[in-house]
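Predicted model, so just to flag it, every value in this text is computed and none were measured. Letters A, B, ... are given to chains in the order of the sequence lines, protein chains preceding strands, and every chain is numbered from 1.
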Number of protein chains: 2
Amino acid sequence: MQQNKIPQATAKRLPLYYRFLNNLNQQGKKRVSSKELSEAVKVDSATIRRDFSYFGALGKKGYGYNVEYLLGFFRSTLDHHEVTEVALIGAGNLGTAFLKYSFLKNNNIRISKAFDADERKVGSDIDGVPIYHIDDLSEQLDGIRVAILTVPSTEAEVITENLVKEGINGILNFTPARITVPNHVRVHHIDLAVELQALVYFLKHYPLDKE
Amino acid sequence: MQQNKIPQATAKRLPLYYRFLNNLNQQGKKRVSSKELSEAVKVDSATIRRDFSYFGALGKKGYGYNVEYLLGFFRSTLDHHEVTEVALIGAGNLGTAFLKYSFLKNNNIRISKAFDADERKVGSDIDGVPIYHIDDLSEQLDGIRVAILTVPSTEAEVITENLVKEGINGILNFTPARITVPNHVRVHHIDLAVELQALVYFLKHYPLDKE
DNA sequence: TAAAAGTCGTGATATTTTTCACAATTAATT
DNA sequence: AATTAATTGTGAAAAATATCACGACTTTTA
Ligand SMILES: NC(=O)c1ccc[n+]([C@@H]2O[C@H](COP(=O)([O-])OP(=O)(O)OC[C@H]3O[C@@H](n4cnc5c(N)ncnc54)[C@H](O)[C@@H]3O)[C@@H](O)[C@H]2O)c1
Ligand SMILES: NC(=O)c1ccc[n+]([C@@H]2O[C@H](COP(=O)([O-])OP(=O)(O)OC[C@H]3O[C@@H](n4cnc5c(N)ncnc54)[C@H](O)[C@@H]3O)[C@@H](O)[C@H]2O)c1
């Protein structure tokens, strides 16, 4: 669908641009240059211009970008007029933090259902999000295509199989397990322990001054 | 310090390799090939061999890698014999989840102190980690060089300044704010809302089958 | 109105990362 | 002992990403 010419690296930065444009818009700013944007999001200004250029000529030479126009453009590009429903699997420590956070305001994403195996949690809700039993995926998941996975890593593989069976095609996996999926399913890993360890590694092994 | 020849992309994968080698070792496995490892961590086997090769010839042709040897090697490379102490700033929803998680077992990282501005939290502890007042950074932080930032985004910039002043040189920033730091300080961003939105974007705009 | 300053869009170039593909070597098998 | 199968380490190529640098155009200033 659409031009899949857009590099992945660019696609990953789009939500970031979008959020900052939103901020600017709320501050009443009318125009912005790639240089200003660069300082705010810490991405080289040439990279920003290049990123934008994949979508056509969105700016004006000598002027910069019109915030409102750009925002409108991104809104439709990011499908931001419609809310994306997401399921959360595993309402534990991490899962609960997500349930309490509103992705709706800035991101038009709503965690609308949670699933867990713990009988004490099933039937309750967290900040208005109902928790269902994991065995009821089939009945309750209907239509939802994206899942956040915050279960113990030992459960990840089996649960993933079920999620895929029920039509999920996007998984944000916080589990350390590297899950296997058919190739119509997209998995993004966020491995917090790895991130932390990588940071520590960089601190110890890379020159301190100058990047 | 050390050969900073190692590409960043490689460095980021090291903790991942390390964890899987640990698993294998615990399962009693004596040898492993780049092909097996590849299937487990979902990284191309040539990439794995290349990554390892930056540290010298760690394997044996026709045999593969000796798990124990490789593990020992990574242990010292990742400084895994000593525990890295980390401070958590902002014991809210996300912060609490981290405090309840043990990074010690697999990663030799310990969140040893937490800081918050909420008087009701200060003085208590979460899973044994004491919560101090953010104003007491100076007295309490001593020696800690790495911080996890999980405060409201509006506070991020000011707090960062203080952290830097107190000698922090690595920050894992979960705030949507893009913080500004002197260039001897390293910041890694984990922007959960962006990750989620990027996943949704990929699902809608990239071909479903094949990659 | 003319000159100066600012800024985009992009060809060209540089850098980084990934992958291919194979000689060299080891282990396993017959 | 000889043959076959497995697997590394790496030169070379490819792919992806980032940056430079400048012509073209717009806005601002004088
Ligand atoms: N909390 C952190 O800071 C942190 C850090 C790094 C990685 N992780 C990873 O994130 C995942 C979640 O961590 P957590 O701290 O929230 O763990 P947790 O134990 O607090 O939560 C796990 C939740 O999953 C539920 N669960 C167990 N089996 C299930 C099943 N079969 N189906 C549905 N739900 C099931 C449990 O009832 C629990 O509510 C883990 O894989 C962990 O390794 C967490
Ligand atoms: N929870 C999530 O799922 C989620 C998702 C995406 C992004 N984030 C981001 O992570 C950050 C934390 O989120 P959260 O949900 O844990 O928020 P939270 O409000 O639950 O926690 C913030 C904590 O910071 C403390 N705090 C406030 N001001 C402080 C100060 N000056 N010094 C020290 N502590 C201070 C508060 O007392 C509170 O305990 C936010 O920036 C949020 O945008 C969270």
Side-chain angles (χ1 to χ4, degrees), chain A residues 3-14 16-17 21 24 29-71 73-74 189 198 201-202 205-207 210-211, chain B residues 3-14 16-17 21 24 29-70 73-74 178 183 189 198 202 205-207 210-211:
Chain A
Q3 348 92 285
N4 55 340
K5 305 285 168 48
I6 292 138
Q8 304 227 352
T10 296
K12 284 186 185 170
R13 284 187 291 264
L14 296 183
L16 186 60
Y17 297 146
L21 287 170
L24 290 178
K29 260 196 146 240
K30 291 294 172 215
R31 58 183 268 193
V32 65
S33 69
S34 61
K35 188 152 164 288
E36 282 176 275
L37 216 41
S38 167
E39 276 151 27
V41 301
K42 318 280 184 202
V43 171
D44 186 275
S45 68
T47 302
I48 293 178
R49 292 200 299 282
R50 174 79 64 198
D51 282 348
F52 288 1
S53 77
Y54 291 115
F55 299 97
L58 302 177
K60 245 190 205 166
K61 297 178 179 178
Y63 174 85
Y65 301 89
N66 179 297
V67 173
E68 212 162 329
Y69 174 77
L70 204 53
L71 199 54
F73 184 84
F74 276 110
H189 291 274
Y201 179 83
F202 276 108
H205 294 93
Y206 281 70
K210 239 198 126 269
E211 185 22 50
Chain B
Q3 347 94 283
N4 55 341
K5 304 287 169 47
I6 291 139
Q8 304 226 354
T10 296
K12 285 188 187 169
R13 284 188 291 264
L14 296 183
L16 186 60
Y17 296 146
L21 287 170
L24 290 177
K29 258 193 146 244
K30 290 294 171 216
R31 58 184 267 192
V32 65
S33 69
S34 61
K35 188 150 165 286
E36 282 175 276
L37 214 42
S38 169
E39 276 151 27
V41 300
K42 319 280 185 202
V43 171
D44 187 274
S45 66
T47 302
I48 293 177
R49 291 200 298 281
R50 174 79 62 196
D51 283 348
F52 288 2
S53 78
Y54 291 114
F55 299 97
L58 302 176
K60 248 191 203 166
K61 297 180 179 177
Y63 174 86
Y65 300 89
N66 178 297
V67 173
E68 211 160 331
Y69 175 76
L70 204 52
F73 185 83
F74 276 108
R178 251 50 185 176
N183 57 10
H189 290 276
F202 276 109
H205 297 272
Y206 281 71
K210 240 198 130 266
E211 172 35 45

Exercise for review: For B:Arg49 and for A:Lys35, find the nucleotide of DNA chain C with the closest heavy atom, then tell me which residue's nucleotide is more 5'.
Suggested key: A:Lys35
Point to revise | Side chain proximity check, B:Arg13 to B:Thr47, heavy atoms < 4.5 angstrom | key: yes
Review point. Can a cation-pi geometry be assigned to B:Arg31 and B:Tyr65, taking NZ or CZ under 6.0 Å from the six-membered ring centre and within 45° of the ring axis?
Key: no
Practice item. Assign A:Phe52 to base, sugar-phosphate, or nothing according to its heavy-atom contacts below 4.0 angstrom with the strands shown. Key: nothing
Review point. Which part of the nucleic acid, if any, lies within reach of A:Ser34 when heavy atoms closer than 4.0 Å are counted: base, sugar-phosphate only, or nothing?
Key: sugar-phosphate
Exercise for review: Please determine if a side-chain N or O atom of A:Tyr65 lies less than 4.0 Å away from the OP1 or OP2 oxygen of C:dG6.
Suggested key: no
Review point. Does the side chain of A:Tyr63 get closer than 4.0 angstrom to OP1 or OP2 of D:dA24 through an N or O atom?
Key: no
Mind calculating the distance between [atom1] ([X]) and [atom2] ([N]) to the nearest angstrom?
{"X": "B:Lys60", "N": "C:dA23", "atom1": "NZ", "atom2": "C1'", "result": "19 Å"}
{"X": "A:Arg31", "N": "D:dT27", "atom1": "CZ", "atom2": "P", "result": "8 Å"}
{"X": "B:Leu58", "N": "D:dT8", "atom1": "CG", "atom2": "P", "result": "11 Å"}
{"X": "A:Lys61", "N": "C:dC8", "atom1": "NZ", "atom2": "P", "result": "11 Å"}
{"X": "B:Ile48", "N": "C:dT18", "atom1": "CD1", "atom2": "C1'", "result": "13 Å"}
{"X": "A:Asp44", "N": "C:dC8", "atom1": "CG", "atom2": "C1'", "result": "14 Å"}
{"X": "B:Asp51", "N": "D:dT8", "atom1": "CG", "atom2": "C1'", "result": "14 Å"}
{"X": "A:Ile6", "N": "D:dA16", "atom1": "CD1", "atom2": "P", "result": "15 Å"}

Practice item. Please evaluate the base of C:dT19 for a donor-acceptor partner in the side chain of B:Arg50 within a cut-off of under 3.5 Å? Key: yes
**Study point:** Sub-6.0 Å ring centroid separation between B:Tyr17 and B:Phe73
**Key:** no
Review point. Which of these nucleotides, D:dC20, D:dT28, D:dT17, is closest to any side-chain atom of A:Gln8?
Key: D:dT17
Study note, to complete from the structure: From the candidates D:dT17, D:dT26, D:dT10, the one with an atom nearest any side-chain atom of A:Ala9 is D:dT17
Point to revise | Pairing of A:Lys29 and A:Glu36 as salt bridge, 4.0 angstrom limit | key: yes
Check your understanding: Counting only heavy atoms not in B:Lys42, do more than 12 fall under 6.0 Å of its NZ?
Key -> yes
